[in-house]
Amino acid sequence: CALPIYYIIEKNDINVILNSNSKFGYSALPYIKAMFPQIPILDYVHMEEWYIRNGGFSRDSSMMKSVIDKTYTCNGNSRKIFINHFGREESEVETVYIGVDENKFNPELYNKEEILKKYKIEPNGKFIISSICRIEDEKRPYLFVEAIKELSKKRNDFLVVVAGDGPFLPEMKNKIKKYGIEDKFIYLGNVKETVNVYKISDLTVNTSIKEGLALTSYESLAMGVPVVSADVGGQKELINDKVGVIVPCIQKETQIHEYDYKEK
């Protein structure tokens with residue numbers, strides 16, 4: 001792979017290298033630095049994942065720190081972990097928050113009634129709680145179902161919109177059916193224009209066991225929709241009691257494959 005990399009850099013007169021979320025990219029950085037020492041090498045890390053290579057891309061980044069000129073993170077919590085756990089120098093790592101396009105995520109631009117009609121949703125005065133994410137273990141969809149089951153015991157004035165797809169969706173639906181709360185759930189599948197889901201929502205929920213700082217939280221708040229989130233990653237750097245609620249995570253990251261939440 002060395003020759004194609006050299007050719008691409010030379011042919012396109014590349015003068016900055018940015019690597020993000022690529023194992024191959026990290027493995028190639030020593031070669032690039034050796035062949036092109038004048039080119040700055042940067043990387044952008046969203047989060048550390050202790051259940052993947054004991055740190056995920058944060059570990060990869062720190063292994064290659066001798067050839068990386070600057071590491072950027074999407075939240076301050078990850079920056080602290082780089083410094084305190086991986087031994088990076090403070091000057092090596094900087095936090096750059098991602099944000100959203102406020103011209104797009106502007107609630108005044110969208111018609112709630114038209115969107116409800118499009119999705120064939122009739123709230124009939126009920127609140128709409130939305131979950132917008134991939135339906136996989138990292139997002140803890142089964143915990144979300146348990147929370148809705150408990151909420152259903154206390155009130156009946158809400159509907160749940162699930163926007164997303166993934167390998168855990170079939171079992172998620174089985175649990176919902178088992179608990180007898182199917183009438184509360186509406187499944188939209190993958191939604192490209194998530195701004196429409198925020199517009200019809202009164203609340204969004206994030207039950208992830210791990211985040212850097214979730215894009216969905218930025219988007220939801222930009223649309224004026226409060227967020228309830230697990231206290232993971234840098235979520236509390238964005239969410240406070242004025243715009244939502246931060247809830248204790250109740251699990252360690254290494255317990256990602258433990259799905260029995262009854263004792264927690």
Side-chain angles (χ1 to χ4, degrees), residues 1 17-32 41-68 70-89 92-98 131-146 164-172 190 205-218 229-239 246-261 264:
C1 295
I17 302 294
L18 173 63
N19 184 62
S20 184
N21 291 359
S22 172
K23 290 174 65 179
F24 170 77
Y26 280 112
S27 70
L29 295 186
Y31 168 80
I32 294 173
I41 294 179
L42 317 174
D43 69 330
Y44 191 81
V45 181
H46 294 275
M47 60 184 176
E48 58 294 328
E49 297 163 290
W50 303 114
Y51 46 88
I52 299 177
R53 302 189 309 282
N54 196 28
F57 292 114
S58 291
R59 180 166 295 280
D60 297 332
S61 173
S62 298
M63 289 172 61
M64 296 297 174
K65 66 179 181 179
S66 64
V67 296
I68 295 174
K70 192 81 171 185
T71 290
Y72 296 95
T73 69
C74 76
N75 66 92
N77 181 67
S78 288
R79 180 177 184 271
K80 290 178 182 177
I81 290 172
F82 264 123
I83 295 166
N84 298 330
H85 180 83
F86 291 107
R88 304 287 292 273
E89 296 294 329
E92 294 177 4
V93 188
E94 184 176 334
T95 300
V96 176
Y97 294 104
I98 54 176
S131 172
I132 306 171
C133 65
R134 303 182 309 278
I135 314 299
E136 58 181 44
D137 51 0
E138 180 185 305
K139 303 301 182 180
R140 296 196 294 182
Y142 304 155
L143 176 60
F144 179 66
V145 172
E146 294 293 334
D165 201 353
F168 280 49
L169 183 58
E171 181 57 26
M172 180 182 180
N190 285 323
V205 177
N206 184 326
T207 54
S208 295
I209 198 170
K210 187 63 185 179
E211 292 283 359
L213 209 170
L215 178 62
T216 55
S217 295
Y218 280 106
S229 173
D231 185 6
V232 292
Q235 289 295 93
K236 61 187 174 186
E237 296 170 36
L238 178 66
I239 302 166
I246 293 291
V247 181
C249 184
I250 77 173
Q251 278 185 303
K252 297 178 181 178
E253 290 177 33
T254 51
Q255 297 174 304
I256 186 172
H257 300 303
E258 296 181 17
Y259 308 131
D260 184 3
Y261 308 105
K264 298 177 172 65

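Note that the coordinates shown come from a computational prediction; the quantities given were computed from them, not determined experimentally.
In this structure, NE2 in H46 is found 4.5 Å from CG in N21, a value given to the nearest 0.5 Å. To the nearest 0.5 Å, atom CD of residue E138 and atom CD of residue E253 are 9.0 Å apart.
Contact annotation: the side chain of L238 never approaches that of N75 to less than 4.5 Å [non-hydrogen atoms, C-beta and beyond]. The shortest distance between side-chain heavy atoms of L42 and I17 does not fall below 4.5 Å. Y259 has its side chain out of reach of E146: every pair of non-hydrogen atoms, C-beta onward, lies at least 4.5 Å apart. Using a 4.5 Å cut-off on side-chain heavy atoms (C-beta onward), M64 and P30 make contact. In this structure, V45 and D43 have side chains that are in contact, with non-hydrogen atoms separated by less than 4.5 Å. E211 places a side-chain heavy atom less than 4.5 Å from the side chain of K139. Contact check for I81 versus W50: side-chain heavy atoms found under the 4.5 Å cut-off. Side-chain contact between I41 and N19: absent, with no pair of heavy atoms (C-beta onward) separated by less than 4.5 Å.
Residues passing the ring-ring contact (aromatic ring centres under 6.0 Å, His included) test with Y218: none are found, sequence neighbours excluded. Under the rule for a ring-ring contact (aromatic ring centres under 6.0 Å, His included), Y72 has no partner lying at least two apart in sequence or in another chain.
Between E92 and K65, none of the side-chain N atoms (NZ, or NE/NH1/NH2) sits under 4.0 Å from a carboxylate O, so this pair counts as no salt bridge.
For H257 against D137, the heavy-atom pair with the smallest separation is CE1-OD2, 3.1 Å. Among all heavy-atom pairs drawn from I98 and L213, the shortest one is CD1-O, 4.2 Å. The two residues V232 and S208 have their closest heavy-atom pair at CG1-O, 3.7 Å. The nearest pair of heavy atoms linking V67 to L29 is CG2-CB, 3.9 Å.
Formation of a donor-acceptor pair under 3.5 Å by the R134 side chain with backbone atoms of G166 is not found in this model. Put simply, the side chain of S20 gets close to the backbone of Y44: a donor and an acceptor are under 3.5 Å apart. Not one N or O on the side chain of T254 forms a donor-acceptor pair closer than 3.5 Å with the backbone of Y51. The main-chain N or O of A214 is found under 3.5 Å from a side-chain atom of Q235 such that the two form a donor-acceptor pair. Checked by atom type and distance alone, the side chain of R140 pairs as donor or acceptor with a backbone atom of T207 at under 3.5 Å. Using a distance-only test at 3.5 Å, with no hydrogens or angles considered, a donor-acceptor pair links the side chain of Q255 to the main chain of K252.
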Are E237 and Y97 close enough, and set up right, to give a side chain to side chain donor-acceptor pair (under 3.5 Å), and what steps lead you there? CA-CA 10 Å; E237 296 170 36; Y97 294 104; 2.6 Å; yes
Steps toward side chain to side chain donor-acceptor pair (under 3.5 Å) verdict (R88, S61): CA-CA 10 Å; R88 304 287 292 273; S61 173; 3.1 Å; yes
Walk me through whether V93 and T73 qualify under side-chain contact (heavy atoms from CB on, under 4.5 Å). CA-CA 7 Å; V93 188; T73 69; 3.8 Å; yes
CA sep, side-chain torsions, deciding dist, call: V205, S131, side-chain contact (heavy atoms from CB on, under 4.5 Å): CA-CA 5 Å; V205 177; S131 172; 5.5 Å; no
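Ring geometry for F82 against F86 counts as tilted: the plane angle lies between 30° and 60°, on a 0 to 90° scale.
Among residue pairs with one or both ends in residues 45-55, those qualifying as salt bridge (charged side-chain N to carboxylate O under 4.0 Å, His left out) are E48-K210, R53-D60; sequence neighbours excluded.
Between Y142 and Y261, the distance separating the two ring centers is not shorter than 6.0 angstrom.
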